[in-house]
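Computed from a prediction, not measured in an experiment: that's the story for all the values here.
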Amino acid sequence: MYQILIILSSLFSCTKTDNDFKIHDNPSEQNTINLTVDGNARSFVIYLPTGYNNQGKMPMIFINHGGQGNPTSMIQVADFRPLADRDKVILVYPAGYMNTWNEGRPTTANQLGIDDVNFFREMCNYMVVNYAVENRKIYATGISSGGFMASRLGCELSDRIAAIAVDVASFEEGIYNNCNPNNPVPAMYIQGTSDPFVPINGGNIGGGGIAVSHIQAITKWVSKNNCQTTSITTNLPDIAIDGTTIIEKKYTGGTNGSEVVSLVVNNGGHTWPQGWQYLPETTIGKTTQDINGCEVIWAFFKKFARN
């Protein structure tokens, strides 16, 4: 459902004059990196923001595509690049194995025994060694299957991932039952009440497997992070009048200042907030315009650093 391709060009140059000792900001750069992990050829797209050469260590965000998607389709669905240029963030759009993730459900990557957690670990290692990545500020987000993968990373890669944000997904039930992170992991979950593929109340998922409910995912992280069990609840402004509204529940006071945030999109579908409506509403439901998914997720992430 996410096989949407867009061709993107990259530029890289450096400007300097003989009379000017100021280091000028490089324009942005976008490249594909190839990496062999566990004997398998893997790849990911990196985006270095404008001014990368003159900013020191930067935060980094993994942005995971959905099932049968790819990095270029995910850039169109959730384009973090303007935000990255503004706030100086390195972006990594990874490619799933045969366009799938081993996030617990019976995907192709799962059936072939692909160790995607190790893939993300090796990407972390590569980026920290080769680029100006702040090792304590590495985050993971994703849509649908990529969101289930972000949940798994929170459980199994908490020594590298500082926080996660999951859109239109929760946990695969086996990953949920065995989730035991070594460190607190601030977590945000965005889910629509009218999602036709991943039911907000849990159950069978389009494409196979069983998901836990949205509230189970929230409760899991509230418990793991030792957050207060009473939420701060807010009805967000209905700025778009598009048939959707959003209820935010924030659980604070966790270990090392960690938080858990639930964003329930009433009448929302299997979509990214203010993202591209990649298929008709009759197929995937409504895309809320009341929040910008990229901005909300980054505002959440930037509050946290791994100890």
Side-chain angles (χ1 to χ4, degrees), residues 2 45 47 49 58-66 69 71 73-94 103 120 133-134 136-154 157-158 160-171 184-192 195 198 214 217-218 221 225 234 236 239 244 246-252 254 257-265 268-276 287-306:
Y2 300 107
V45 171
Y47 182 81
M58 294 183 180
M60 185 179 83
I61 306 174
F62 288 115
I63 306 156
N64 304 336
H65 63 73
S73 69
M74 190 57 185
I75 290 170
Q76 188 164 356
V77 170
D79 190 354
F80 279 80
R81 293 173 301 175
L83 174 157
D85 285 339
R86 183 191 72 210
D87 289 354
K88 309 310 174 192
V89 183
I90 295 171
L91 308 178
V92 175
Y93 286 84
E103 27 84 335
F120 279 84
V133 172
E134 171 52 68
R136 298 174 59 245
K137 296 181 179 180
I138 298 176
Y139 312 100
T141 187
I143 188 172
S144 192
S145 180
F148 284 104
M149 190 65 223
S151 287
R152 182 168 195 173
L153 294 173
L157 202 62
S158 66
R160 305 304 296 273
I161 301 297
I164 62 170
V166 174
D167 182 51
V168 295
S170 58
F171 283 87
V185 181
M188 170 180 282
Y189 283 77
I190 305 170
Q191 179 69 353
D195 188 327
V198 180
H214 176 83
I218 294 297
W221 288 116
N225 293 332
T234 305
L236 299 186
I239 60 174
T244 70
I246 302 174
I247 299 174
E248 177 190 74
K249 291 182 180 288
K250 185 181 297 184
Y251 302 82
T252 61
S258 58
E259 297 179 357
V260 178
V261 175
S262 160
L263 290 167
V264 171
V265 183
H270 197 71
T271 55
W272 186 273
Q274 286 189 17
W276 184 36
T287 299
T288 185
Q289 302 298 317
D290 285 330
I291 59 172
N292 181 291
C294 298
E295 292 286 354
V296 167
I297 287 169
W298 171 235
F300 178 72
F301 281 165
K302 68 183 180 181
K303 296 189 291 184
F304 306 108
R306 183 175 50 79

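- Contact annotation: the side chain of Phe300 never approaches that of Lys250 to less than 4.5 Å [non-hydrogen atoms, C-beta and beyond].
- Although no hydrogens or angles enter the test, the distance criterion places a donor-acceptor pair under 3.5 Å between the side chain of Asn225 and the main chain of Val185.
- By the ring-ring contact (aromatic ring centres under 6.0 Å, His included) test, Tyr139 pairs with Phe301, sequence neighbours left out.
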(Q) One pair to check against side-chain contact (heavy atoms from CB on, under 4.5 Å): Val168 and Gln191. What are the steps and the verdict? (A) CA-CA 5 Å; Val168 295; Gln191 179 69 353; 3.7 Å; yes

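- With sequence neighbours excluded, the residues satisfying salt bridge (charged side-chain N to carboxylate O under 4.0 Å, His left out) with Arg86 are Glu295.
- In this structure a side-chain-to-backbone donor-acceptor pair under 3.5 Å is present from Ser151 to Ser170.
- For the 3.5 Å distance criterion, the side chains of His214 and Ser262 qualify, holding a donor opposite an acceptor.
- At distances below 3.5 Å, not a single donor-acceptor pair connects side-chain atoms of Glu134 with backbone N or O atoms of Met58.
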Q.
I'd like to know whether His270 forms a side chain to side chain donor-acceptor pair (under 3.5 Å) with Ser144, so could you lay out the CA-CA distance, the side-chain angles of the two residues, the decisive distance to 0.1 Å, and finally the verdict.
A. CA-CA 8 Å; His270 197 71; Ser144 192; 2.9 Å; yes

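- A heavy-atom distance below 4.5 Å is not found between the side chains of Phe120 and Ile138.
- Counting only distance, with no hydrogens or angles, the side chain of Thr141 and the backbone of Ala165 share a donor-acceptor pair below 3.5 Å.
- Checking side-chain atoms of Asp87 against main-chain N and O of Val89 turns up no donor-acceptor pair under 3.5 Å.
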Q | CA sep, side-chain torsions, deciding dist, call: Phe62, Ile161, side-chain contact (heavy atoms from CB on, under 4.5 Å) | A | CA-CA 10 Å; Phe62 288 115; Ile161 301 297; 4.2 Å; yes

